[in-house]
Amino acid sequence: MKYLHLSVFILFFALMFNSCDETDDIFGSSNVDPLIDGEVAEAQTYDLRTPVYGMQVAIDSRVNSGTQSVLDLLDNRATQFLNCQFMEGAELGFETVMLENGTMVPPLSDLRVYVVPRRFECDAVDRDVCSGIYFFSIDAIVIAEGGFLGCGEFAVWKHELGHRYGMDADHSNQSDFEPCINAQNCNAGDLFD
């Protein structure tokens with residue numbers, strides 16, 4: 001019996017330190033859409049613009065949230081990320097930013113965002129199912145409205161913005177972006193909701 005308690009404690013402790021995206025991979029999911037790669041992302045019609053930063057957005061027709069709600073949420077969380085990550089704050093979203101490695105990141109108005117309803121198959125460095133992915137070569141993010149149940153809408157949006165602003169694809173420098181990329185409203189207790 002004491003081993004059962006110890007096993008439950010270890011599982012709970014491990015889940016606390018995983019992102020929502022990683023935890024869903026542990027439990028698996030039958031609610032996963034087909035592969036979305038750079039070609040699929042690039043083929044979308046980005047005919048919507050967020051009101052603040054002017055990000056170019058395409059929203060899959062199966063997304064439950066209203067269009068204006070999605071656009072506002074993308075802007076609001078981008079502002080939160082920039083204010084948290086950079087001393088210059090949210091104004092960086094309107095400028096070309098030079099990263100420490102010399103890479104130039106264009107204003108957020110150049111970013112394309114494809115919003116899909118749920119997790120999807122992907123070709124990422126450390127996983128094959130994603131709630132979000134940033135395509136460096138085409139400056140586009142695909143983001144799932146409903147990533148991991150209990151973690152809030154667009155739970156990994158700030159994480160993908162972190163990739164755009166210098167977080168390596170293999171996450172080797174992820175610690176430089178904590179806590180600014182943490183998922184919204186994702187607590188260990190939510191994992192069992």
Side-chain angles (χ1 to χ4, degrees), residues 19-21 36-60 63 65-117 119-120 122 124-125 130-147 151-171 173-186:
S19 73
C20 293
D21 208 32
I36 297 178
D37 57 14
E39 274 185 40
V40 172
E42 198 162 32
Q44 302 309 307
T45 302
Y46 295 92
D47 56 352
L48 301 169
R49 291 278 185 165
T50 63
V52 176
Y53 292 112
M55 290 178 275
Q56 305 164 55
V57 180
I59 302 175
D60 185 288
V63 169
S65 299
T67 299
Q68 193 59 51
S69 176
V70 170
L71 299 175
D72 290 341
L73 186 63
L74 294 174
D75 269 342
N76 291 340
R77 293 212 180 142
T79 298
Q80 291 169 2
F81 168 77
L82 292 169
N83 281 334
C84 177
Q85 186 67 34
F86 299 104
M87 211 171 7
E88 298 86 346
E91 290 302 309
L92 282 182
F94 300 104
E95 304 170 10
T96 298
V97 177
M98 183 187 298
L99 302 178
E100 290 178 8
N101 66 4
T103 301
M104 300 299 282
V105 179
L108 282 170
S109 60
D110 286 2
L111 178 64
R112 293 178 288 173
V113 183
Y114 178 34
V115 179
V116 298
R119 293 166 44 87
F120 50 91
C122 62
V125 171
C130 296
S131 288
I133 189 167
Y134 176 61
F135 294 103
F136 291 85
S137 62
I138 60 172
D139 197 24
I141 292 175
V142 178
I143 190 78
E145 174 186 29
C151 293
E153 291 178 314
F154 308 106
V156 297
W157 172 238
K158 292 179 188 177
H159 180 96
E160 300 311 325
L161 285 174
H163 283 300
R164 185 177 197 257
Y165 284 95
M167 186 167 66
D168 295 333
D170 66 1
H171 301 107
N173 64 343
Q174 183 169 328
S175 62
D176 296 342
F177 292 84
E178 297 287 351
C180 301
I181 60 169
N182 286 338
Q184 288 286 110
N185 304 322
C186 187

Run the numbers on Leu108 and Leu82 for side-chain contact (heavy atoms from CB on, under 4.5 Å), then give the verdict. CA-CA 11 Å; Leu108 282 170; Leu82 292 169; 4.0 Å; yes
Mind checking whether Phe94 and Tyr53 have parallel, tilted or perpendicular rings, split at 30° and 60°? tilted
Pairwise distance NZ(Lys158) to SG(Cys84) - rounded to 0.5 angstrom: 7.0 Å
Supply the atom-to-atom distance Arg77 CZ to Asp72 CG, rounded to the nearest 0.5 angstrom. 12.0 Å
Atom CE of Met104: over 12 foreign heavy atoms under 6.0 Å: yes
If you take all heavy atoms of Glu42 and Ile138, which pair is closest and at what distance? OE2-CG2, 3.7 Å
Kindly say whether Asp176 contributes a backbone atom to a donor-acceptor pair with the side chain of Gln85 at under 3.5 angstrom? yes
Compare every heavy atom of Ala58 with every heavy atom of Gln44, then report the nearest pair and how far apart it is. CB-CB, 3.9 Å
Separation between NE2 of His163 and NE2 of His171, rounded to the nearest 0.5 Å: 3.5 Å
Asp170 backbone acceptor or donor facing Asp168 side chain under 3.5 Å: no
Do Ile133 and Ile36 make a side-chain contact, defined as non-hydrogen atoms from C-beta onward lying under 4.5 Å apart? no
Would you say the side chain of Val105 lies within less than 4.5 Å of the side chain of Leu92, judging by non-hydrogen atoms? no
Kindly give the heavy-atom pair with the smallest separation between Ala90 and Thr79, and that separation in Å. CB-CG2, 3.7 Å
Restricting to non-hydrogen atoms, name the atom on Arg119 and the atom on Ala144 that form the minimum distance, rounded to 0.1 Å. N-CB, 3.9 Å
Using 0.5 Å steps for rounding, measure from the CZ atom of Phe135 to the CD atom of Glu39. 10.5 Å
Validation row: Pro107, Thr96 side chains within 4.5 angstrom (heavy atoms): yes
So, the side chain of Arg112 versus the backbone of Ala41: is there a donor-acceptor pair under 3.5 Å, distance only? no
Taking the side chain from Arg49 and the backbone from Ser109, do they hold a donor-acceptor pair closer than 3.5 Å? yes
Nearest heavy atoms of Ala78 and Met55, plus distance in Å: CB-CE, 4.2 Å
Can you tell me how far CD of Gln68 sits from CG of Leu73, rounded to the nearest 0.5 angstrom? 11.5 Å
Side-chain heavy atoms of Arg164 within contact of Pro106, under 4.5 Å: yes
Backbone N or O of Val70 within a donor-acceptor pair of the Ser65 side chain at under 3.5 Å? no
Looking at side-chain heavy atoms only, is the closest gap between Leu111 and Tyr134 below 4.5 Å? yes
Enter the distance from Ile141:CD1 to Trp157:CH2 here, rounded to the nearest 0.5 Å. 4.0 Å
Is there a side-chain contact between Ile143 and Val156, using heavy atoms and a 4.5 Å cut-off? yes
Of all heavy-atom pairs between Val113 and Leu74, which one has the smallest distance, and what is that distance? CG1-CD1, 4.0 Å
Side-chain donor-acceptor pair present, Thr103, Asn101, cut-off under 3.5 Å: yes
